[in-house]
Structure formats: structure tokens, C-alpha cells
Amino acid sequence: MKIFTIFGDPIEHSRSPLMHNSVFKALGVKACYTRSPLRDGSKLRDVFFAKALSGANVTVPHKEAAYLQCDEVRGIAQKIQAVNTLINENGKLIGYNTDADGFINAIQPFGPIQNALILGAGGTARALATVLRQEGITPTILNRSSGRLNFFRENGFSALCWDEFTAKPYDLIINTTSAGLSDDELPLPRSLLKKLLAQTKGAVDVIYGKETPFLQEVKILALPYKDGSDMLLEQGLLANHLFLNKLHSVEQIRPLMQKSFLY
Ligand code: NDP
């Protein structure tokens, strides 16, 4: 029996166990996907091997810590320097980032986009900024504090704190902060957020499973929007494809994983 898990804090809200176990069951794969609450991200690698895991996902706030503890990092995760998928490859910890491509797949319905404002500067913001730029879309990063902006500045992104920022039009506003995840906070001061939403064409909140205060403000203006469910599905599909050693195609896995969203 292969064991997979998701590491994070908080983790109770995660739909990943349901999504991955649905696929394993439907394909007759002897595997089980659990939840692993983890407070101290620096312990991730030790816990991974102590549990004899075949693979794992990593969520808030440990994606950067996971990157640092991998033996090898592959694909776009090298540029992002944050990892959301881990594979045990012959005793070596291999890191990937499926959030990036998952997000691009999820925003296709918005049509052509020239620029985007990313709220937040954590692991998810890194993934989205990197992949948006790769897709020819110009991202700007806006965060409440400056500590996490260095990565973006060093990599040539426009990255600002609230007090350095002036509102202007963006095609898409994306909330990647954890504001609203387990509280009722907005990711920005309300007046600044209202100014930005009045000038945008659409909005995405990467949080899923609840209507965040951010999305409530978006809905008042009747803007096109998405919560994080489609991104969750898309990043999960790509992770499951890796968990199963690419033996099944993403298109084969998709309907099986989609079914878990009906529960
Ligand atoms: P991190 O912990 O790495 O980063 C969190 C960011 O949120 C930081 O920039 C932090 O700012 C900011 N922040 C936290 N609280 C507030 C607040 N009250 N007001 C303003 N800013 C705040 O998190 P991740 O990037 O790993 O994840 C972020 C969110 O994305 C989570 O809610 C996670 O569940 C969701 N997610 C969803 C996915 C999906 O598939 N739908 C995939 C990946 C993530 P500061 O630097 O000032 O502390």
C-alpha cells in the first residue's frame, strides 16, 4: 500500500485527500492519501521519510521550506523556489510545482489577459508570477509587508508594499493571500480594494470551499470571477499524474477526480 499525504497548517479544510483517494479507488491503485498537520515546516523532510511516504502535497505555509529540503527540484519549481508536490524517487526527495500550470489551465475562461495584480507574496504568488510572465502576461505583486518581496524584486518583477502602491487598471486581480482562509479578513484595506475592483475585468481568489470577504466584494460589482476550485482540480490532476508515475494520462484522471467535487 503506497501512502501519500498533504502537509500544511491549517489543513482540516483540504479537499486533496478526497480528490486523490477517488482516483486511486477508481483505478484500483493500492494507495491511500491522508492529512498531516505540520506546524514546523523545517521538519517536513524528516516526517516525510519517517512516515515512509511515496509522495505528498505541500500547502500553506510550507512550500518554500519544502523547496529547501528537496534533493532535486524539477521543472518550473526551480524558478519559483517553492514546491507543492513531493515524490519519493528511490529514497530521494524530488520536488515539483503543479500550482503554476494548474492556475494557467484554470484561468482560460477569462480570455486574453495582458496584465494581472497578484495580492500576496507567498509560495502561491511566486508560482503565479513566474508562470504568468512565462505566458506573456505582466504580473505586479502587492503585499502588506516587504519581507517576502525580495524574491520578486531579485527576479525582475514589479513588487510593492501597500504604502508604495497607487491603484491603476489591471485585467485580472488575484488573491493569493491567506486572508479569508480561516478568518474574515480582506487581503487589502477596503478602500484600496474597492478602487482596484472598480477598474478590473475579472478576479480570482485561490481559496476554495468558501465565499471569502474578497469574493463578496467582487460579487457586489458583478465582475467575472472564480474561486480556487478549478485551480485545485488542475494542480491536483498534475500531482496525481506524478504520484502514479505518469502511467495514466491527465485526461484519463480528470473525470475521476472531477467526481470527487460532487461530494
Ligand atoms: P503563504 O503563507 O506562503 O503566503 C501567504 C501570503 O498571504 C503572504 O504574502 C502574507 O503576507 C499574506 N497574508 C496572510 N494573511 C494576510 C492578511 N490578513 N492580509 C493581507 N495579507 C495576508 O501561503 P501560500 O502562498 O502557500 O497560500 C496562500 C493561499 O493560497 C492559501 O489560502 C492556500 O490555501 C491557497 N492556495 C490554493 C490553491 C488551490 O489549488 N486553489 C493552491 C495553492 C494555494 P505577509 O508576507 O505580510 O505575511
Side-chain angles (χ1 to χ4, degrees), residues 6-16 18-20 35 37-39 41 44 57-68 77 80-85 96-107 117-131 141-153 157 159-165 173-190 192-193 196 204-215 217 225-240 257 260-261:
I6 178 156
F7 290 109
D9 179 28
I11 201 69
E12 307 76 41
H13 69 286
S14 174
R15 292 186 64 89
S16 294
L18 192 60
M19 289 160 52
H20 290 281
R35 278 189 185 86
L38 185 72
R39 188 52 60 84
L44 197 144
N57 286 121
V58 183
T59 189
V60 57
H62 300 317
K63 291 178 189 180
E64 289 115 311
Y67 166 82
L68 294 173
I80 297 167
Q81 296 177 24
V83 149
N84 80 323
T85 301
Y96 296 86
N97 190 305
T98 67
D99 286 334
D101 288 340
F103 180 76
I104 292 299
N105 294 349
I107 62 166
L117 180 67
I118 299 177
L119 309 179
T124 310
R126 285 186 185 196
L128 272 45
T130 306
V131 76
I141 295 89
L142 179 59
N143 201 40
R144 65 178 174 186
S145 61
S146 61
R148 299 193 202 215
L149 294 179
N150 288 344
F151 166 87
F152 296 94
R153 290 173 177 162
F157 292 102
L160 307 153
C161 306
W162 292 354
D163 54 4
E164 302 166 322
F165 178 79
I173 298 179
I174 308 157
N175 178 32
T176 75
T177 76
S178 36
L181 178 64
S182 45
D183 54 42
D184 286 322
E185 292 188 33
L186 284 169
L188 279 182
R190 189 178 301 272
L192 178 55
L193 181 61
L196 285 163
V204 180
D205 197 326
V206 299
I207 295 173
Y208 60 88
K210 66 179 284 195
E211 193 175 283
T212 57
F214 172 76
L215 279 190
E217 293 291 332
Y225 74 93
K226 268 189 180 225
D227 75 357
S229 309
D230 287 348
M231 178 182 173
L232 176 73
L233 172 70
E234 297 295 333
Q235 63 76 31
L237 281 172
L238 299 171
N240 195 276
M257 197 171 267
S260 73
F261 281 73

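Indexing begins at 1, ligand by ligand and atom by atom, following the structure's order.
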Peer 1: Return the residue, atom name and 0.1 Å-rounded distance of the protein heavy atom closest to atom 33 (C) of ligand 1.
Peer 2: Val60 CG1, 4.2 Å
Peer 1: Give yes or no for whether the N/O distance cutoff of 3.5 Å, strictly under, is met between Pro61 and ligand 1.
Peer 2: no
Peer 1: Establish, from distance only, whether the side-chain atoms of Ser16 and Asn57 form a donor-acceptor pair under 3.5 Å.
Peer 2: no
Peer 1: Could you say whether the N/O atoms of Ala125 and ligand 1 ever approach to under 3.5 Å?
Peer 2: no
Peer 1: For atom 44 (C) of ligand 1, grab the closest protein heavy atom and report residue, atom and distance to one decimal in Å.
Peer 2: Thr124 OG1, 3.2 Å
Peer 1: Does Gly147 come within less than 4.0 Å of ligand 1, judged by its heavy atoms?
Peer 2: no
Peer 1: Using side-chain heavy atoms (C-beta onward) and a distance below 4.5 Å, is Tyr67 in contact with Asn97?
Peer 2: no
Peer 1: Less than 6.0 angstrom from the centroid, inside 45 degrees of the normal: does Arg126 satisfy that with respect to the ring of Phe151?
Peer 2: yes
Peer 1: Would you kindly specify which portion of Asn143 sits under 4.0 Å from ligand 1, judged on non-hydrogen atoms: side chain, backbone, both or neither?
Peer 2: side chain
Peer 1: Please work out, at 4.0 Å between heavy atoms, whether the side chain, the backbone, both, or neither of Thr176 comes within that distance of ligand 1.
Peer 2: backbone
Peer 1: For Ile207, is at least one N or O under 3.5 Å away from an N or O on ligand 1?
Peer 2: no
Peer 1: Give the single entry among Ser178, Ser145, Gly236 that approaches atom 45 (P) of ligand 1 most closely by any heavy atom.
Peer 2: Ser145
Peer 1: Closest non-hydrogen protein atom to atom 6 (C) of ligand 1, residue and atom name please, with distance?
Peer 2: Thr177 CA, 4.0 Å
Peer 1: I'd like to check whether Val206 has a polar contact with ligand 1, where a contact means an N/O of the residue lying under 3.5 Å from an N/O of the ligand.
Peer 2: yes
Peer 1: What I want to know is whether Arg144 and ligand 1 share at least one N or O pair that is separated by under 3.5 angstrom.
Peer 2: yes
Peer 1: Does some side-chain heavy atom of Tyr96 sit less than 4.5 Å from a side-chain heavy atom of Leu238?
Peer 2: no
Peer 1: Of the options Ile11, Asp9, Leu44, Ile6, which is the one that meets Leu38 in a side-chain contact (heavy atoms from CB on, under 4.5 Å)?
Peer 2: Leu44
Peer 1: Flag yes if more than 12 heavy atoms outside Phe261 fall under 6.0 Å of its CZ atom; otherwise flag no.
Peer 2: yes
Peer 1: Short N/O distance, under 3.5 Å, between Glu185 and ligand 1?
Peer 2: yes
Peer 1: Is there any N or O on Gly120 that sits under 3.5 Å from an N or O of ligand 1?
Peer 2: no
Peer 1: Report the part of Leu232 in contact with ligand 1, treating N, CA, C, O as backbone and CB onward as side chain, heavy atoms under 4.0 Å; options are side chain, backbone, both, neither.
Peer 2: both
Peer 1: When only distance counts, is Arg148 in polar contact with ligand 1, meaning an N/O pair under 3.5 Å?
Peer 2: yes
